[in-house]
Amino acid sequence: MSSELLKDLEARGLIFQIAGEAELPAWLDGGSRTLYCGFDPTADSLHIGSLVPLLMLRRFQLAGHKPLALVGGATGLIGDPSFKAQERQLNTPDVVAGWVDKIRDQVSKFIDFDAGEASAEVVNNLDWTEDVSVLDFLRDIGKHFSVNAMIQKESVKQRIEREGSGISFTEFSYMILQSYDFAELNKRHGCSLQIGGSDQWGNITGGIDLTRRLHGNQAFGLTMPLITKSDGTKFGKTESGTVWLDPARTSPYAFYQFWLGTADADVYNFLRFFTFLDVDAIAEIERSDAERQGRPAAQGVLAEEVTRIVHGDEGLAAAVRITDALFSGSFEALSEDDFGQLRQDGLPASTVARAELPETLTQMLTEAGMAASGKQVKDALGRDAVLVNGVAASWAQNAAVADVFSQDAARFGRFYLVRLGKKKYHLFEMV
RNA sequence: GGAGGGGUUCCCGAGUGGCCAAAGGGAUCAGACUGUAAAUCUGACGCGAAAGCUUCGGUGGUUCGAAUCCACCCCCCUCCA
């Protein structure tokens with residue numbers, strides 16, 4: 001490999017497989033190249049699983065190449081079967097179309113549209129597929145695919161071989177659609193490199209083959225490793241579920257907290273995967289962390305960098321503001337305006353009418369989403385793990401909601417910051 | 001079509017008439033220890049503040065009493081054709 005970019009990616013551990021490995025470095029070094037990565041709309045937001053490919057597009061752009069972010073308005077209607085255990089439920093066209101709009105806006109934040117010849121573009125595969133007739137598709141595209149080869153792909157093998165699972169013709173065709181995308185982008189934009197997660201290998205090589213057959217052009221593929229955690233649990237999940245990129249789904253504060261909680265064993269890898277920090281700088285952080293006692297600095301750096309990339313300076317500031325208020329000492333220092341700000345910044349909060357207080361604390365905290373059931377609240381109350389404005393509430397006070405949330409206990413006459421356990425906070429505003 | 005084995009609480013998986021809201025493990029939540037980490041230990045873990053209410057594929061039935069027995073139905077797996 002001679003390409004500086006590839007060396008850096010290699011050092012970061014971001015390369016899983018390369019198709020056309022021998023020629024790729026020289027090709028990349030030969031000028032500004034065009035590459036693409038697809039994002040299917042399977043929800044109204046991407047989650048952090050898409051972060052690595054999104055940042056990858058940006059890495060290529062920073063190295064002078066032109067990234068195309070493909071939003072799968074067409075493929076999203078079909079559903080990618082790759083390594084999925086079961087057939088998926090189809091979403092209606094209007095729902096998918098709505099998601100496409102959201103995803104388009106979202107991916108746009110990660111790439112630069114004003115970078116000269118390396119300026120990014122967003123494309124939608126529905127544009128070149130919706131008017132293709134079935135007969136044209138079967139004759140012009142389908143003819144280039146061997147079913148014999150397709151059923152050999154690892155990504156669909158279990159669906160074909162395992163009894164009781166099965167795969168519909170619809171999902172089986174997905175690979176052809178995605179391959180057609182690559183060939184089409186090659187024709188339209190001179191795009192000759194597709195990147196994606198390691199599960200996309202089969203789809204990518206399919207597109208490389210089709211590009212050669214249809215247009216006689218050589219194309220490349222690069223996949224990134226699946227992000228795993230040292231403890232074996234799935235990356236990207238928290239107690240409250242998936243970590244989304246949309247601030248309306250996962251607040252910048254929750255997002256920041258997610259990264260702050262990264263295990264020591266993963267944090268340096270994550271810095272390489274999810275930030276643009278130089279690998280040497282990351283190694284330096286690792287070294288100085290190893291020398292110090294106690295808490296490493298790496299998680300803080302990671303949380304700060306990734307939150308800034310995804311939510312910008314304002315989102316980061318909001319996240320840090322809440323974190324400082326809640327975790328570094330006295331929330332008593334918060335001003336009246338600060339409380340309102342916390343709520344704006346994404347701290348979970350709710351407004352309760354003093355006249356309509358629930359009968360019990362268990363009810364109140366469960367309804368606020370702080371716990372899954374009254375039993376959990378009961379357990380926490382019994383262990384002094386519920387603090388209302390810093391004062392522990394007891395199980396004996398369960399039915400005495402009005403006492404716990406008394407006027408005297410309020411901050412500025414209406415705010416109650418409730419903590420359950422070590423990390424769960426909820427702001428109640430009494431009206 | 002034939003033969004056999006299954007469907008149990010979020011997941012895996014015991015349980016074959018009362019002691020079963022149902023063993024054990026995992027996940028999850030809380031506590032201790034810590035660094036808002038990991039590991040470990042402790043407690044909780046169907047819902048409910050409680051009284052109590054609702055579960056063991058579905059529907060009926062037997063019984064004082066069923067996840068457990070019977071009938072029918074639905075679904076899954078293995079082997080044979």
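Note that these values count all heavy atoms, side chains included, but never hydrogens, waters or copies made by symmetry. As the structure is a computational prediction, the values presented were derived from the model and not from experiment. Labels below follow one simple rule: chain letters A, B, ... track the order of the sequence lines, proteins then strands, and each chain is numbered from 1.
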Kindly indicate whether the side chain of [X] and the base of [N] share any N or O donor-acceptor pair separated by less than 3.5 Å?
X: A/Asp384; N: B/rG31; result: no
X: A/Lys422; N: B/rU34; result: yes
X: A/Gln257; N: B/rU36; result: yes

Please name the nucleotide paired to [N] by Watson-Crick or G-U wobble geometry with both distances under 3.5 Å, or report none.
N: B/rC33; result: none
N: B/rG17; result: none
N: B/rG1; result: B/rC80
N: B/rA67; result: none
N: B/rC45; result: none

Are A/Phe327 and A/Tyr425 close enough that their ring centers fall under 6.0 Å?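 Yes, the ring centres sit under 6.0 Å apart.
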- Would A/Phe274 and A/Phe235 count as a close aromatic pair, with their ring centres under 6.0 Å? yes
Between [N] and [M], how far apart are the two [atom1] atoms, rounded to whole Å?
N: B/rC45; M: B/rA22; atom1: P; value: 10 Å
N: B/rA37; M: B/rC33; atom1: C1'; value: 12 Å
N: B/rC12; M: B/rA38; atom1: C1'; value: 25 Å
N: B/rU9; M: B/rG46; atom1: P; value: 13 Å
N: B/rG24; M: B/rC74; atom1: C1'; value: 31 Å
N: B/rC69; M: B/rA50; atom1: C1'; value: 36 Å
N: B/rC56; M: B/rA23; atom1: P; value: 16 Å
N: B/rC10; M: B/rU28; atom1: C1'; value: 9 Å

What is the distance, to the nearest angstrom, from the [atom1] atom on [X] to the [atom2] atom on [N]?
X: A/Lys229; N: B/rA37; atom1: NZ; atom2: P; value: 13 Å
X: A/Leu260; N: B/rA37; atom1: CG; atom2: C1'; value: 10 Å
X: A/Leu420; N: B/rA44; atom1: CG; atom2: C1'; value: 13 Å
X: A/Trp259; N: B/rA37; atom1: CH2; atom2: P; value: 18 Å
X: A/Gln376; N: B/rC29; atom1: CD; atom2: C1'; value: 4 Å
X: A/Lys375; N: B/rC47; atom1: NZ; atom2: P; value: 6 Å
X: A/Asp379; N: B/rG48; atom1: CG; atom2: P; value: 14 Å
X: A/Asp289; N: B/rA37; atom1: CG; atom2: C1'; value: 12 Å

Closest listed nucleotide, where the reference is the side chain of [X] and the choices are [options]:
X: A/Trp395; options: B/rG48, B/rU36, B/rA49; result: B/rA49
X: A/Gln299; options: B/rG35, B/rA30, B/rC47; result: B/rG35
X: A/Arg295; options: B/rC47, B/rG31, B/rU36; result: B/rU36
X: A/Phe327; options: B/rG35, B/rC45, B/rU36; result: B/rU36
X: A/Arg383; options: B/rA37, B/rG43, B/rC45; result: B/rG43

- request: Indicate the ring-plane relationship of A/Phe270 and A/Phe273, choosing parallel, tilted or perpendicular according to the 30° and 60° boundaries.
  value: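 If you compare the ring of A/Phe270 with that of A/Phe273, the planes turn out tilted.
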Counting any heavy atom closer than 4.0 Å, what does [X] reach on the DNA or RNA strands: base, sugar-phosphate only, or nothing?
X: A/Ala263; answer: sugar-phosphate
X: A/Thr323; answer: base
X: A/Thr362; answer: sugar-phosphate
X: A/Leu361; answer: nothing
X: A/Asn398; answer: sugar-phosphate

- [ ] Please check the phosphate of B/rG31 (OP1 and OP2 only) for any side-chain N or O of A/Lys378 closer than 4.0 Å.
- [x] no
Any side-chain donor paired with an acceptor under 3.5 Å for [X] and [Y]?
X: A/Gln200; Y: A/Gln194; answer: no
X: A/Asn125; Y: A/Thr75; answer: yes
X: A/Ser335; Y: A/Asp338; answer: yes

Could you check if a side-chain atom of A/Leu77 sits within less than 4.5 angstrom of a side-chain atom of A/Pro93, using non-hydrogen atoms only?
->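 A side-chain contact under 4.5 Å exists here.
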Taking for A/Gln363 and for A/Gly261 the nucleotide of RNA chain B with the nearest heavy atom, the one nearer the 5' end belongs to A/Gly261
- Message: By nearest heavy atom, map A/Gly374 and A/Pro296 onto RNA chain B; which one lands nearer the 5' end?
- Response: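 Looking at RNA chain B, the more 5' nearest nucleotide goes with A/Pro296.
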Exercise for the section: Quick one: closest heavy-atom pair of A/Lys378 and A/Thr362, and the distance? Expected result: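 Looking at all heavy atoms of both residues, the closest pair is N-CG2, 4.1 Å.
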